[in-house]
Amino acid sequence: MTTTPLSRRSALKTGTAAALGAAAFSLSACTDNGTAEAAAEVDQLTAQAERARSDAAAATAAIALAPDKSASLTTISAERTAHALELDAEIARAAGGGATTTAPPSTSVANAPTGVDTLRTSLNDSARSAADLARTMSGYRAGLLGSISASCSTQVAVLLP
């Protein structure tokens with residue numbers, strides 16, 4: 001049986017349509033899975049933002065116990081607050097550009113002064129947590145988390161030696 005140019009075109013169209021249909025199905029499956037993955041990433045970023053707010057409140061509260069480190073603790077509080085705001089902006093972007101969240105710091109942390117040693121431990125944990133999460137993400141989010149991790153480590157090494 002010989003094929004005519006018309007039958008070849010018809011076969012090509014059928015094959016192309018089948019390939020496009022398979023690709024569309026494959027992409028829709030990825031999109032559904034991607035939605036769950038994006039929601040999980042937002043949850044993880046939210047946890048990082050809450051951790052940053054907690055560290056900021058702890059640094060502010062620690063001033064009462066270590067007034068000699070007031071300048072360092074104020075810097076840490078400001079930087080951790082900035083981290084929370086940057087994470088909020090990324091969370092809002094991931095959610096489609098809605099308003100950023102600005103949750104107040106935990107009142108239990110803000111009302112109960114913590115020592116510098118406790119803050120140092122918390123910052124080390126925050127650095128480790130952000131670094132671990134950065135390894136699972138890509139692009140801007142990985143860079144943001146890597147930067148936060150480096151900042152927390154620097155705060156411990158330089159501001160709270």
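Residue numbers count from 1 along this sequence. Computed from a predicted structure; not experimentally measured.
- With sequence neighbours excluded, the residues satisfying side-chain hydrogen bond (donor to acceptor under 3.5 Å, both in side chains) with Ser129 are Gln48.
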List the atom pairs, with distances to 0.1 Å, where a side-chain N or O of residues 56-71 and a protein N or O form a donor-acceptor pair under 3.5 Å, not counting sequence neighbours.
residue : atom : partner : partner atom : Å
Thr60   : OG1  : Ala56   : O            : 3.1
Thr60   : OG1  : Ser77   : OG           : 2.9

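- Under the rule for a salt bridge (charged side-chain N to carboxylate O under 4.0 Å, His left out), the partners of Glu41 that lie at least two apart in sequence or sit in another chain are Arg141.
- Heavy-atom minimum distance, Ala127 versus Ser149: O-OG, 2.8 Å.
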| field | Test side-chain contact (heavy atoms from CB on, under 4.5 Å) applied to Leu45 and Leu144, step by step | value | CA-CA 10 Å; Leu45 292 172; Leu144 174 61; 5.6 Å; no
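- At a threshold of 4.5 Å between non-hydrogen side-chain atoms, the residues Arg80 and Cys152 count as touching.
- Taking CG of Leu119 as the reference point, atom CG of Leu123 lies at 4.5 Å (rounded to 0.5 Å).
- Residues that satisfy the salt bridge (charged side-chain N to carboxylate O under 4.0 Å, His left out) test with Arg120, not counting sequence neighbours, are Asp117.
- Annotation: side-chain contact (heavy atoms from CB on, under 4.5 Å) contacts of Thr46 (sequence neighbours excluded): Val42, Glu50, Ile91.
- Legend: residues meeting side-chain contact (heavy atoms from CB on, under 4.5 Å) with Thr75, ordered by chain and number and at least two apart, are Glu79, Leu159.
- Remark: Ser122 pairs with Asp55 by the side-chain hydrogen bond (donor to acceptor under 3.5 Å, both in side chains) rule, at least two apart or across chains.
- For the side-chain contact (heavy atoms from CB on, under 4.5 Å) test, residues two or more places apart in sequence or in another chain that qualify with Ala134 are Leu145.
- For the atom pair CD (Gln44) and CG (Leu133), the distance works out to 5.0 Å, reported to the nearest 0.5 Å.
- Salt bridge present: Arg53 and Asp88 bring a charged side-chain N and a carboxylate O closer than 4.0 Å.
- A donor-acceptor contact shorter than 3.5 Å is absent between the side chain of Ser147 and the backbone of Gly143.
- For the side-chain contact (heavy atoms from CB on, under 4.5 Å) test, residues two or more places apart in sequence or in another chain that qualify with Asp132 are Arg128, Arg135.
- Annotation: salt bridge (charged side-chain N to carboxylate O under 4.0 Å, His left out) contacts involving residues 148-161, sequence neighbours excluded, are absent.
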